[in-house]
Amino acid sequence: MDKMQPGRNDPCPCGSGLKYKKCCIAKGIPVSKTFTRDTIKTYLAKYDIRLKDGKEIEAIRRAGRIAVDTLKMVEPYIKPGVKTDDINTLVHDFTVKQGAIPAPLNYRGYPKSVCISINEVICHGIPGERILKDGDIANIDVTPILEGYYADASKTFFVGTPSPEAKKIVHVARESLKAGLSVSKPGNRIGDIGWAIQKYAEGRGCSVVREFVGHGIGTDFHEAPQVPHYGVQGRGIMLVPGMVFTIEPMINLGKKELHVLPDRWTAVTNDGSLSAQFEQTILITENGYESLTPYDLDVPLFK
Ligand code: MF3
Ligand code: CO
Ligand code: CO
């Protein structure tokens, strides 16, 4: 909780826009009481961020349970010889069976119910006739909508036996998400998350994609704020309890530059290097964070 105490000259965590010393310190309001109805109003007016109440959080948690169960359901199908369109069907049918809607389908013209991004594909790979082959890595990104609330999660899987490069990039991507989570607590800022991820990933000789970012989520797929996976410590909007957003670093084994294929969705690395991603939806709590798509980030990735 140490980092929760803002400096006297920092913006007041109540969101007034005044310096902390001119606002809640002057009013004698303790920091634990500054995240109130005022904060809700100010975060909306100033940043367009919709802080979530208990009922909304429960709804996102239920959607998140379906996201996690979907990733678990598809795992045994991520093997050589499986057609990506068949994984799309599995995800679609499973989601609907849970009483949810797959958010990707028809989202801004996206034609399928899940994103499947293989090898040098960074994100938004469209399922189709492509067949998974031994040694591939495949990110599966699912977003169920349950009772109007979205939850967004993804994992990168090995197809068959991974190469040393595949092991490295998938490990670094998962640790990058964990680096971002480790600084996700009230009083820290959006920039701290990107900084932690960038420092870790670049420290391992990998690169961080800039064009796609984490995002607020709730009654819309992509809400404010944007959550870059690169950045400067201490910069950006202060994290406050009730914020719900994704962290979803896309990490490349080579350079960070990308281009989008003529299908207008599939983003690939310019240098053809492998790219991996892990995504969870999190809630900022009074003293840290809670994952609303809580799959285990510590299980061994390979033997
Ligand atoms: N799930 C992606 C994200 O993490 C967004 C996919 S948009 C789609 O934000 F249209 F491609 F599904
Ligand atoms: Co997302
Ligand atoms: Co996603």
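Order of listing sets the numbers, starting from 1, for every ligand and every atom in it. Just the heavy atoms: all of them, side chains too, but no hydrogens, waters or symmetry mates, feed the values below.
Counting heavy atoms from C-beta outward, Ile137 and Val159 have side chains that stay 4.5 Å or more apart. Between Leu301 and Val170, some side-chain heavy-atom pair lies under the 4.5 Å cut-off.
Both tests pass for Lys167 against the ring of Phe302: distance under 6.0 Å to the centre and angle within 45° of the axis.
Under 4.0 Å is where a charged nitrogen must lie from a carboxylate oxygen, and between Glu175 and Lys178 at least one such pair does. Ion pairing of Asp69 with Arg65 is present here, as a side-chain N (NZ or NE/NH1/NH2) and a carboxylate O approach within less than 4.0 Å. The residues Lys112 and Asp85 are annotated as salt-bridged, a charged nitrogen and a carboxylate oxygen being separated by less than 4.0 angstrom.
For His124 against Cys115, the heavy-atom pair with the smallest separation is CA-SG, 3.8 Å.
Taking 2.8 Å as the criterion, His222 does not count as a coordinating residue of the Co ion (ligand 2), since none of its N, O or S atoms falls below it.
For Tyr150 and His222, the gap between ring centers reaches or exceeds 6.0 Å.
By the criterion of a separation under 2.8 Å, the protein N/O/S atoms near the Co ion (ligand 3) amount to Asp141 OD1, Asp141 OD2, Asp152 OD1, Glu279 OE1.
Ligand 1 lies under 4.0 Å from heavy atoms of Pro104, Tyr107, Tyr110, Cys115, His124, Asp141, Thr143, Asp152, His215, Phe221, His222, Glu248, Trp265, Glu279.
Under a 3.5 Å cut-off, the side chain of Asn252 and the backbone N or O of Cys206 do not form any donor-acceptor pair.
Checked against the Co ion (ligand 2), the N, O or S atom of His215 at the shortest distance is NE2.
Note: Asp141 CG to Asp152 CG = 5.0 Å, rounded to the nearest 0.5 Å.
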